[in-house]
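Here the structure comes first, spelled out in structure tokens, and everything after it is commentary.
Counting from 1, the numbers follow the sequence of the chain as shown. Remember, it's a predicted structure, so these values are computed and weren't measured experimentally.
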Amino acid sequence: MINSKVPSFTEEILMRKKGYKNIAGIDEVGRGALAGPVMAAAVIMPIDLEGDWKKQVCDSKLLTPMQRESLYFPIYENAVAIGIGMADCFTIDTIGIAHATQTAMCQAVEQLATPPDAVLIDYFTIPGLNLPQKGVANGDTICFSIACASIIAKVTRDRLMNEYDIQYPGYFFAHHKGYGTGEHLSCLNRLGPCPIHRRAYQPVKALSGIMKNNENLPSGESNKSGR
């Protein structure tokens, strides 16, 4: 895809005018998936960045997998610091996706080798994060450091889902990355949930209940719908 609007450093420059130097952009991926973690990245980028590659940076959802992979390394090479945070399916089921996302974002900030003075977040602010912060509407589209964070988070999560594809064969996690595609739903109906599925999410929740009921029935019986 062609990036028609290149994210800028406008938000970072505004933060610098307030006296902040190291400003981290934060974004997450995986909130709406049925399986796998929610992943967050925090990225501090230098505003005097050079290189033609930066013109290709945009919201990770607007890029192909190959484009994201090609941008992953120059972002890492040029970043002041990068941190990654993750909340697994058990955490999501236990505390809910909103709190799990905040947990992953806080972890990402904590992993930054250079502590940030302030953070810019795609839409959100993070309760409990003791830093100046701003939620930027459409941040992954207009803010350069947030766009970089979206790419790092997406590539990192996709690579993990590729590993899960090997660990849990038959679900084709490398294809759909845990999202509720027709292929994924077909696999769920055929195989039932695996350990990385989010039990609090429909239709995983319903299928988990059916499987549990079947396990409690005497041998030879099944809990067929319509009975």
Side-chain angles (χ1 to χ4, degrees), residues 25-43 59-73 75-76 82-111 121-124 126 139-140 146-212:
I26 304 175
D27 201 9
E28 54 72 30
V29 294
R31 281 176 63 92
L34 301 180
V38 60
M39 190 82 67
V43 180
D59 176 8
S60 63
K61 296 187 292 296
L62 302 178
L63 299 169
T64 67
M66 185 176 296
Q67 288 172 328
R68 290 192 294 265
E69 285 284 351
S70 69
L71 289 167
Y72 179 89
F73 291 105
I75 292 172
Y76 250 101
I82 291 177
I84 301 292
M86 185 182 80
D88 61 17
C89 59
F90 177 78
T91 301
I92 294 168
D93 287 339
T94 302
I95 66 176
I97 187 60
H99 288 153
T101 300
Q102 293 166 8
T103 297
M105 288 180 169
C106 287
Q107 288 178 2
V109 172
E110 291 170 358
Q111 292 299 314
I121 312 166
D122 187 31
Y123 281 106
F124 300 102
I126 307 174
D140 50 10
I146 295 178
C148 288
S150 77
I151 293 169
I152 295 298
K154 177 63 174 168
V155 172
T156 303
R157 187 180 186 278
D158 282 358
R159 291 177 178 178
L160 179 60
M161 295 309 294
N162 291 341
E163 294 177 11
Y164 283 143
D165 184 70
I166 299 171
Q167 188 173 352
Y168 302 107
Y171 291 95
F172 301 105
F173 288 128
H175 294 183
H176 50 71
K177 311 305 184 197
Y179 289 92
T181 65
E183 178 184 48
H184 189 185
L185 295 176
S186 177
C187 296
L188 263 175
N189 287 324
R190 187 176 71 254
L191 301 173
C194 78
I196 66 165
H197 278 103
R198 301 175 186 178
R199 264 56 178 182
Y201 279 44
Q202 295 290 8
V204 181
K205 184 177 181 180
L207 288 170
S208 298
I210 291 171
M211 291 182 66
K212 184 175 181 179

- Task: Check the side chains of D88 and T91 for a donor-acceptor pair under 3.5 angstrom, ignoring hydrogens and angles.
- Result: yes
- Flag, side chain of R68 to backbone of S60, donor-acceptor distance under 3.5 Å: yes
- Note on the structure: Sequence neighbours excluded, the answer for salt bridge (Lys or Arg N to Asp or Glu O under 4.0 Å) partners of E163 is none
- Sequence neighbours left out, what pairs pass side chain to side chain donor-acceptor pair (under 3.5 Å) with at least one residue falling in residues 165-174? none
- Contact summary for C187 and F172, nearest pair of heavy atoms: SG-CD1, 3.5 Å
- Determine, using ring centers only, whether H197 and Y164 are less than 6.0 Å apart. no
- Message: Side chains of I196 and F173, heavy atoms from C-beta outward: is any pair under 4.5 Å?
- Response: yes
- Item | Residues forming a salt bridge (Lys or Arg N to Asp or Glu O under 4.0 Å) with K154, sequence neighbours excluded | D158
- Message: So, taking the atom named NE2 in H175 and the one named CG in N162, what distance separates them when rounded to the nearest 0.5 Å?
- Response: 9.5 Å
- Query: If only atom types and distance count, is the side chain of Y201 paired as donor or acceptor with the main-chain N or O of G32 below 3.5 Å?
  - Reply: no
- Task: Please answer whether the main-chain N or O of G139 pairs with a side-chain N or O of D122 as donor and acceptor at a distance below 3.5 Å.
- Result: yes
- Decide yes or no for S186 and R190: does some side-chain heavy atom of the first lie under 4.5 Å from some side-chain heavy atom of the second? yes
- Would you call the rings of Y72 and Y76 parallel, tilted or perpendicular, where under 30° means parallel and over 60° means perpendicular? tilted
- Under the 3.5 angstrom rule, does the side chain of D93 hit a backbone N or O of R199 as a donor-acceptor pair? yes
- Sub-4.5 Å side-chain heavy-atom contact between I26 and F124: no
- Query: Less than 4.5 Å apart, any side-chain heavy atom of T156 and any of I152?
  - Reply: yes
- Got a second to check how far R31's CZ is from I92's CD1, nearest 0.5 Å? 9.5 Å
- Distance col, row D59:CG vs I151:CD1, nearest 0.5 angstrom, shows 8.5 Å
- So, do M86 and T103 sit near enough that their side-chain heavy atoms are less than 4.5 Å apart? no
- Is the backbone of A206 close enough, under 3.5 Å, to the side chain of Q202 for a donor and an acceptor to pair up by distance? yes
- Message: Donor-acceptor check, side chain of R157 to backbone of P37, threshold 3.5 angstrom: yes or no?
- Response: yes
- Mind checking the OG1-CD1 spacing from T101 to I126? Nearest 0.5 Å is all I need. 10.0 Å
- Determine whether R198 and I97 make a side-chain contact, defined as any pair of heavy atoms from C-beta on separated by less than 4.5 Å. yes
- Query: Is the side chain of Q67 donor-acceptor paired with the backbone N or O of T64 at a distance under 3.5 Å, no angle test?
  - Reply: yes
- Just how far is it from atom CE of M39 to atom CE of M161, taken to the nearest 0.5 Å? 9.5 Å
